[in-house]
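Below is one structure, written out as structure tokens; comments come after it.
If you're wondering where the values come from, they're calculated on a predicted model, not measured in any experiment.
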Amino acid sequence: GTLNIGGDVVITPTGLFRSALIIDEDETVNVANQLNVTAGSLISVTRGSYSAGTSVNFGTIVVTQATATYNGNLDNRGDLVVVDGTVLGSVNNNGGDLTVVNQATVGDIELFSTGTLNLGVNTGAGGDSDVLNVLDTAFLNGTLNVTAADVSGLSAGDEFDLILANSIIGTFSEELLPVLGSGLEFDVLYEASRVALSVVAVNLLAGDYNGNGVVDAADYTEWADNFG
């Protein structure tokens, strides 16, 4: 079914929806003006949809295989989690955490210096990594936090898409990347319409067989186990 609301809505423990607005499959909620989320409150939409004019999120918004449409801006100061979902309009990650699971699509996005973008890479054969798709422009700043459950089997030159956009402006001010061994490390590759994670070779110290930048007893063990 569809619920149309003509004014503003604030998701708060004392409001119309108490502390949570839950939108399930085949359900639609349309808010004419502002749809704001207070700290400790939640909007969760799964295979449904909602729309609003603008929104300030201090709580949590989870969009799972669903569509959220904003005629103005979504100002995220809390947690925004997109799981194979779409957020249409302008997303401002302004001091919040934006987490992508599998695929996320947004209209355009500005990542502020105080915000964090969380993505995961799957380095295994046939594995799907998280990708943020931006239909218009991605303005980059803040922290890029990339995790990987398994970093085995990588070779120099391997690449993993992180952001695909019509246009990319800027770079992240901080990059938190998984640590690799065996003379390899991750590097962030910035292009005009793509940000990717690239595996590059690093220069090792002579005798630094475990690739940690220090020659010590652990290197002898590595050498004996693999080369001795």
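- Considering only residues two or more places apart in sequence or on other chains, E174 meets the salt bridge (charged side-chain N to carboxylate O under 4.0 Å, His left out) condition with none of them.
- At least one donor-acceptor pair under 3.5 Å links the side chain of D8 to the backbone N or O of Q34.
- With N76 contributing its side chain and G96 its backbone, the two residues share no donor-acceptor pair below 3.5 Å.
- For the pair D130 (side chain) and N102 (backbone), a donor-acceptor distance under 3.5 Å is present.
- The closest side-chain donor-acceptor pair between S49 and T67, if any, does not fall under 3.5 angstrom.
- The aromatic rings of Y70 and Y50 stand perpendicular to each other, their planes meeting at an angle above 60°, with 30° marking the opposite boundary.
- Applying the salt bridge (charged side-chain N to carboxylate O under 4.0 Å, His left out) rule to R47 yields no partners; only residues at least two apart in sequence or on another chain are considered.
- Formation of a donor-acceptor pair under 3.5 Å by the T46 side chain with backbone atoms of T64 is not found in this model.
- Using a 4.5 Å cut-off on side-chain heavy atoms (C-beta onward), V195 and L189 make no contact.
- Between the side chain of S198 and the main chain of D187, no donor-acceptor pair closer than 3.5 Å is present.
- At distances below 3.5 Å, not a single donor-acceptor pair connects side-chain atoms of T28 with backbone N or O atoms of T2.
- A pairwise comparison of heavy atoms in T12 and T38 identifies CA-OG1, 3.5 Å as the closest pair.
- One hydrophobic cluster, built from ILVMFWY side chains closer than 4.5 Å, cannot hold both V29 and V62; they sit in different ones.
- Side-chain atoms of S90 and D108 include a donor-acceptor pair closer than 3.5 Å.
- Side chain of N133 to backbone of Q103: no donor-acceptor contact under 3.5 angstrom is found.
- When atom types are taken as modelled, the side chain of D216 and the backbone of A218 share a donor-acceptor pair closer than 3.5 angstrom.
- Using a distance-only test at 3.5 Å, with no hydrogens or angles considered, a donor-acceptor pair links the side chain of Y190 to the main chain of F172.
- Side-chain atoms of N92 do not come within 3.5 Å of backbone N or O of N94 as any donor-acceptor pair.
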